[in-house]
Amino acid sequence: MPEEIDRGTAGATSLLVQRANEILSQKINWPSYLQSQMMSQEDYNVMTMLESVGSDRDNLLLHQRPLVAKTFISLLSHVSKDHTIQYILVLLDDLISEDPSRVEMFRDHARKHKGENQWTAFLNLLTRPDQFTTHMIARILAKMACWGSERMEGSDLTFYLAWLKDQLRSPTEREADVKSRSAALARSSSYRPPPDGNEYVQCVCRCLQMLLRVAPYRDAFYKLDGVVTIVQVLGSGKHNFQIQYQLTFCLWVLTFNQEIAEKMNKYGVIPTLGDILSESVKEKVTRITLGVFRNLIEKPKDSVIARDNCIQMVQCKVLKQLEILAQHKFDDEDITADIEFLNDRLQTSIQDLSSFEEYCSEIKSGRMEWSPVHKSEKFWRENCHRLNEKNYELLRILINLMETSTDPLVLSVACHDIGQYARHYARGKKVLEQLDGKQSVMAHLSHKDPNVRYEALLAVQKLMVHNWEYLGKQIEKEGGEQPQAVSARS
């Protein structure tokens, strides 16, 4: 568990922390709630005792925890005023931060009331419109799920992790995804995606930092495409170094799961973190990024995957960045050790690197440029058929890049390679039609960038050349005698 999850000097700049301190200073008029019968005498006694200082409070929290839990759940379920809800949540957060074992009081309360679930009252509050309330709930849930003896699971865990993931996503991505939201998320008809620009995103990241240290939560988050979301957010370049550190920390923790580490390559983790490494000026961001890279080499049991990761790191200019970092002096010895380890492994990986392996790495990284293999006729004659391997994996990646990339250089090279495949592989045209590759190329004939238009036009010509050759032969066959006749008349 990251230490900075709790309020204090490390979290002093957090907006959630600042707001929580303000709320706690504005006491609630509990007598008015009692007089208007909006709370019971028992709940009133508990809340006033919790606000006091002394042995009564200590005894209550030590010997009557189920009663305390009952009071919190009762008030959170029946009070509607935002400020009161906020105050109760901040008070509860302080109580369990003082003594993490206090999270067990909700489990104990649920066990005394058969059929009750310790998570339900809190998860239902995630549907409230007030952002402070929902993020404070998320913070409390993270502590309960990590510090308690009973793990969150099933639809409760799915709902909670999906909610956290939603807070990281951009408004456009959330709108596109809302229609496909799983039934597990339909806990409440009042659920709404968060508004634009989540100001409490740092709190969300801290919750994930806690949760992803627990193996079952890592698996559940991965199955919800959590890695994809984190990479998208990191790749957007919209967040400061603190968010970069926190989300990269999440990726680092995820890579301790061997199966997840072996699949990281296909989500664009290496290119995204390669960019962060080259731009980072904060030592802690550099340290955690190098830690992810090291795990992507060490954790996979499959040596082929580890080597592919090494090659992709080279392709994404990580080796060059390591050379720059090696010239710096770091106080943290782990950084120096990771630099040496990565440099050694990456240097070894390129010693016997074939041109096709280099090409594969470039395609999978999505960072295509005019490297020598693209223009080499010999390369295409010898390797065009290899784009068919693993159910046309590389060909599908090229087509996907043409459909999703906004980089004119990537689009130009992708169009060129599609054309080369069609030219050198006998069945290339038919395969591309089956995979909608021809349509993707033709869509770029009107691209705003002249280089993309040019390469798309050349590719279309190569896709059509077989028809032209056939037509030419037919014309020659049908009119084969015509030149002689003309010659005779002359």
Side-chain angles (χ1 to χ4, degrees), residues 2 4 209 227 230-231 234-235 237 239-256 258 260-262 264-265 267-355 357-373 409:
E4 67 269 24
Q209 281 181 281
V227 173
I230 289 177
V231 172
L234 286 172
H239 297 288
N240 59 30
F241 76 88
Q242 178 61 27
I243 303 302
Q244 283 184 341
Y245 168 76
Q246 290 178 282
L247 290 179
T248 306
F249 179 97
C250 292
L251 292 177
W252 176 67
V253 176
L254 284 163
T255 57
F256 281 93
Q258 178 212 321
I260 295 176
E262 289 180 343
M264 280 280 196
N265 192 355
Y267 299 114
V269 170
I270 293 173
T272 300
L273 293 187
D275 288 344
I276 289 175
L277 185 66
S278 64
E279 298 167 3
S280 173
V281 294
K282 294 293 182 179
E283 187 171 306
K284 70 176 185 178
V285 176
T286 298
R287 181 182 68 250
I288 202 69
T289 303
L290 293 176
V292 176
F293 286 153
R294 180 163 188 158
N295 277 1
L296 290 177
I297 296 172
E298 284 189 322
K299 298 305 176 183
K301 286 187 177 179
D302 189 333
S303 60
V304 175
I305 292 175
R307 186 169 183 270
D308 285 346
N309 287 345
C310 287
I311 294 171
Q312 190 164 129
M313 288 178 203
V314 174
Q315 186 69 43
C316 295
K317 310 295 190 294
V318 173
L319 190 56
K320 292 182 179 179
Q321 191 60 31
L322 290 173
E323 294 172 359
I324 296 172
L325 291 173
Q327 299 172 15
H328 296 183
K329 185 176 181 180
F330 295 99
D331 295 330
D332 190 336
E333 293 181 357
D334 288 342
I335 295 181
T336 303
D338 285 346
I339 291 172
E340 292 175 355
F341 170 85
L342 290 168
N343 188 64
D344 179 65
R345 293 297 295 269
L346 299 192
Q347 291 286 0
T348 302
S349 72
I350 62 175
Q351 287 177 0
D352 57 346
L353 183 64
S354 70
S355 59
E357 287 175 321
E358 181 183 348
Y359 178 76
C360 285
S361 175
E362 183 181 339
I363 298 299
K364 290 178 180 179
S365 74
R367 307 295 178 89
M368 297 173 67
E369 54 188 39
W370 290 115
S371 53
V373 291
L409 177 58

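Heavy-atom basis, side chains included; hydrogens, waters and symmetry copies ignored. Predicted model, so just to flag it, every value in this text is computed and none were measured.
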key: Set of salt bridge (Lys or Arg N to Asp or Glu O under 4.0 Å) partners for Glu279, sequence neighbours left out   = none
inquiry  = How close do Tyr267 and Val231 get, counting heavy atoms only, and between which atoms?
reply    = O-CG1, 3.4 Å
remark   = Taken in chain and number order and not counting sequence neighbours, the residues that satisfy ring pair (Phe, Tyr, Trp, His ring centres under 6.0 Å) with Phe293 are none
request  = Would you name the heavy atoms of Leu273 and Thr289 that are closest together and state the gap between them?
outcome  = O-CG2, 3.7 Å
request  = Return the orientation label for the Phe330 and His328 ring planes: parallel under 30°, perpendicular over 60°, tilted otherwise.
outcome  = tilted
query = Do you know which two heavy atoms are closest between Leu247 and Ile230, and how far apart they sit?
reply = O-CG2, 3.8 Å
key: Qualifying residues under salt bridge (Lys or Arg N to Asp or Glu O under 4.0 Å), relative to Arg294, sequence neighbours excluded   = Glu298, Asp338
Extract all donor-acceptor atom pairs below 3.5 Å that involve side chains of residues 300-316 and protein atoms in other chains or at least two apart in sequence.
residue, atom, partner, partner atom, Å
Asp302, OD1, Val304, N, 2.9
Arg307, NH1, Glu357, OE1, 3.4
Arg307, NH1, Glu357, OE2, 2.6
Arg307, NH2, Asp352, OD1, 3.1
Arg307, NH2, Glu357, OE1, 3.4
Asn309, OD1, Asn265, ND2, 3.1
Asn309, ND2, Leu296, O, 2.8
Gln312, NE2, Asn265, OD1, 2.8

key: Over all atoms of both residues, closest heavy-atom pair of Val227 and Leu251   = CG1-CD2, 4.3 Å
query = What residues, two or more places apart in sequence or in another chain, satisfy ring pair (Phe, Tyr, Trp, His ring centres under 6.0 Å) together with Phe241?
reply = none
With sequence neighbours excluded, residues passing salt bridge (Lys or Arg N to Asp or Glu O under 4.0 Å) with Lys317 = Glu369
Over all atoms of both residues, closest heavy-atom pair of Arg367 and Thr272 = NH2-N, 3.9 Å
